[in-house]
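A short write-up of the structure that comes next.
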Amino acid sequence: MGSLASFNELGNGYGDHVNPLDPEEFRRQGHMIIDFLADYYQNIEKYPVLSQVEPGYLAKRLPTTAPYVAEPVEAILQDVQQHIIPGITHWQSPNYFADSKQVVDYKDWQITLSRRFRAMKLWLVLRSYGVANLRNFLRSHVKMAKRFEELVTNDSRFEIVVPRYFAMVCFRVSPSALPFHDNDDDETRANEFNRKLLETINAAGRIYATHAQVDGIYMIRFAIGASLTEDKHVTMAWKVVQETVDAMLNNL
């Protein structure tokens with residue numbers, strides 16, 4: 001990753017006098033990066049939502065020194081695809097059903113944005129989408145959440161823990177769906193089962209959700225907010241939940 005051999009093999013004649021901000025070079029690299037991003041969005045469903053690599057994997061792939069001469073953008077994007085993409089959680093995946101409030105801490109990992117800069121970002125979003133289109137997005141998310149709520153309600157093994165709030169559904173496997181064991185507290189047993197259920201679902205990588213615990217009750221939070229999510233993704237997510245519960249109950 002980022003080795004001398006990796007970019008020499010590309011044969012692009014890069015050296016120590018390259019100016020990435022040369023207008024024509026900047027244009028060429030810009031086109032490549034846009035294509036890279038477009039391909040990422042086109043193929044995002046193919047990636048496991050939750051990273052499947054071990055913590056610290058990337059450190060082992062980093063070179064011991066910075067590159068002595070400039071590397072072409074082709075080599076950089078190749079490293080991003082091969083080494084960076086496998087290590088991230090794809091929160092823009094249509095199969096990402098976690099509450100967006102979970103990624104807030106990442107603001108501390110970058111240069112602080114001023115209020116004016118954040119206002120500019122909002123202004124660009126409003127200009128790009130339009131109020132009517134944004135409303136349609138929100139309404140479609142709420143509609144899909146209602147559909148998911150119906151799927152949960154129609155399966156007697158599950159229960160809605162709290163009323164649906166906009167596009168977020170909080171549910172769990174009901175204690176009554178679990179085999180009874182002497183000296184076991186129903187809520188404790190249900191909490192442990194639902195915790196294991198969510199861990200198993202997320203580890204598989206097909207979908208991703210989060211949890212909450214209120215008044216001692218552990219629940220799964222299913223939030224629809226990704227712009228690429230469609231009805232088929234919600235249906236698939238519910239199938240994943242059901243299949244995982246089936247397997248876990250059969251092993252009890």
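All values below were derived from every heavy atom in this structure, side-chain atoms included, with hydrogens, water molecules and symmetry-related copies excluded.
In this structure, Met236 CE and Asn95 CG are separated by 3.5 Å, a value rounded to the nearest 0.5 Å. Distance check: Asn194 CG to Leu178 CG gives 7.5 Å after rounding to the nearest 0.5 Å. To the nearest 0.5 Å, atoms CG (Leu77) and CG (Asp35) are separated by 10.0 Å. One distance of note links CG of Asp186 with CG of Asn191; it measures 11.0 Å at 0.5 Å rounding. Note that CG of Leu62 is 9.5 Å distant from OH of Tyr57, once rounded to the nearest 0.5 Å. Between the CD atom of Glu149 and the CG atom of Asn154 there is a distance of 10.5 Å, given to the nearest 0.5 Å.
Side-chain contact between Glu199 and Arg195 is present, with heavy atoms from C-beta onward closer than 4.5 Å. Side chains of Phe97 and Val49 form no contact here, defined as non-hydrogen atoms less than 4.5 Å apart. Two residues are said to be in side-chain contact when any heavy atoms from C-beta on lie closer than 4.5 Å; Lys143 and Lys146 fail this criterion. Considering only heavy atoms from C-beta on, Leu58 comes within 4.5 Å of His83 through its side chain. Residues Glu230 and Pro94 have side chains not in contact (no heavy-atom distance under 4.5 Å, counting atoms from C-beta outward).
Qualifying side-chain hydrogen bond (donor to acceptor under 3.5 Å, both in side chains) partners for Gln81, counting only residues two or more places apart in sequence or in other chains: Tyr47.
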How far apart are the C-alpha atoms of Val241 and Phe171, what are their side-chain angles, what is the distance that settles it, and do they pass the side chain to side chain contact (heavy atoms under 4.5 Å, CB included) test? CA-CA 11 Å; Val241 172; Phe171 71 101; 4.1 Å; yes

Applying side chain to side chain contact (heavy atoms under 4.5 Å, CB included), run through His233 and Met144 and close with a yes or a no. CA-CA 10 Å; His233 301 111; Met144 286 186 281; over 6 Å; no

Apply side chain to side chain contact (heavy atoms under 4.5 Å, CB included) to Leu122 and Leu126, showing your working. CA-CA 6 Å; Leu122 176 60; Leu126 291 173; 4.1 Å; yes

Verify side-chain hydrogen bond (donor to acceptor under 3.5 Å, both in side chains) between Tyr40 and His90, making sure each step is shown before the conclusion. CA-CA 10 Å; Tyr40 171 76; His90 302 279; 2.7 Å; yes

For the pair Ile220 and Val169, evaluate side chain to side chain contact (heavy atoms under 4.5 Å, CB included) and give the outcome as yes or no after the intermediate values. CA-CA 8 Å; Ile220 298 173; Val169 179; over 6 Å; no

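Without hydrogens or angle criteria, Gln52 side chain to Gly87 main chain gives no donor-acceptor distance under 3.5 Å. Proximity of a side-chain donor or acceptor of Arg164 to a complementary backbone N or O of Phe166 within less than 3.5 Å is detected. Asp79 places no side-chain N or O within 3.5 Å of a backbone atom of Ile84 that could act as its donor or acceptor partner. Panel note: side chain Ser176, backbone Arg157; no donor-acceptor pair is recorded below 3.5 Å. Within the 3.5 Å criterion, the main-chain N or O of Thr188 finds a donor-acceptor partner in the side chain of Asp185.
Taking each heavy atom of Ala226 and Ser93 in turn, the nearest pair found is CB-O, 3.4 Å. Closest approach of Ala190 to Pro175, counting heavy atoms only: CB-CG, 3.7 Å. Minimum interatomic distance between Gln82 and Arg61 (heavy atoms only, all atoms of both residues): O-NH1, 3.7 Å. The shortest non-hydrogen separation linking Pro179 to Leu252 is CD-CD1, 3.6 Å. In this structure, Pro67 and Glu71 approach most closely via the heavy-atom pair CB-OE2, 3.2 Å.
Both Phe36 and Ile88 are part of a single hydrophobic cluster, where members link through side-chain heavy atoms under 4.5 Å apart. Residue Val80 is grouped with residue Met32 when hydrophobic side chains (ILVMFWY) are merged at heavy-atom distances under 4.5 angstrom, including chains of intermediate members. Note: the hydrophobic cluster containing Leu151 also contains Ile201 (ILVMFWY, side chain heavy atoms under 4.5 Å, direct or indirect links). Ile85 is connected to Tyr41 through a chain of hydrophobic side-chain contacts under 4.5 Å among Ile, Leu, Val, Met, Phe, Trp and Tyr, so both are in one cluster. In this structure, Val234 is not a member of the same hydrophobic cluster as Phe137, with clusters built from ILVMFWY side-chain heavy atoms closer than 4.5 Å.
Salt bridge annotation for Arg206-Glu243: present, with a cationic side-chain nitrogen under 4.0 angstrom from a carboxylate oxygen. A salt bridge links Glu74 with Arg28: the closest approach of a Lys/Arg side-chain nitrogen to an acidic carboxylate oxygen falls below 4.0 angstrom.
Between His211 and Tyr218, the ring-plane angle classifies as parallel under the 30° and 60° cut-offs. Taking the six-membered ring for Trp and thresholds of 30 and 60 degrees, Trp238 and Phe148 have ring planes more than 60 degrees apart, a perpendicular arrangement.
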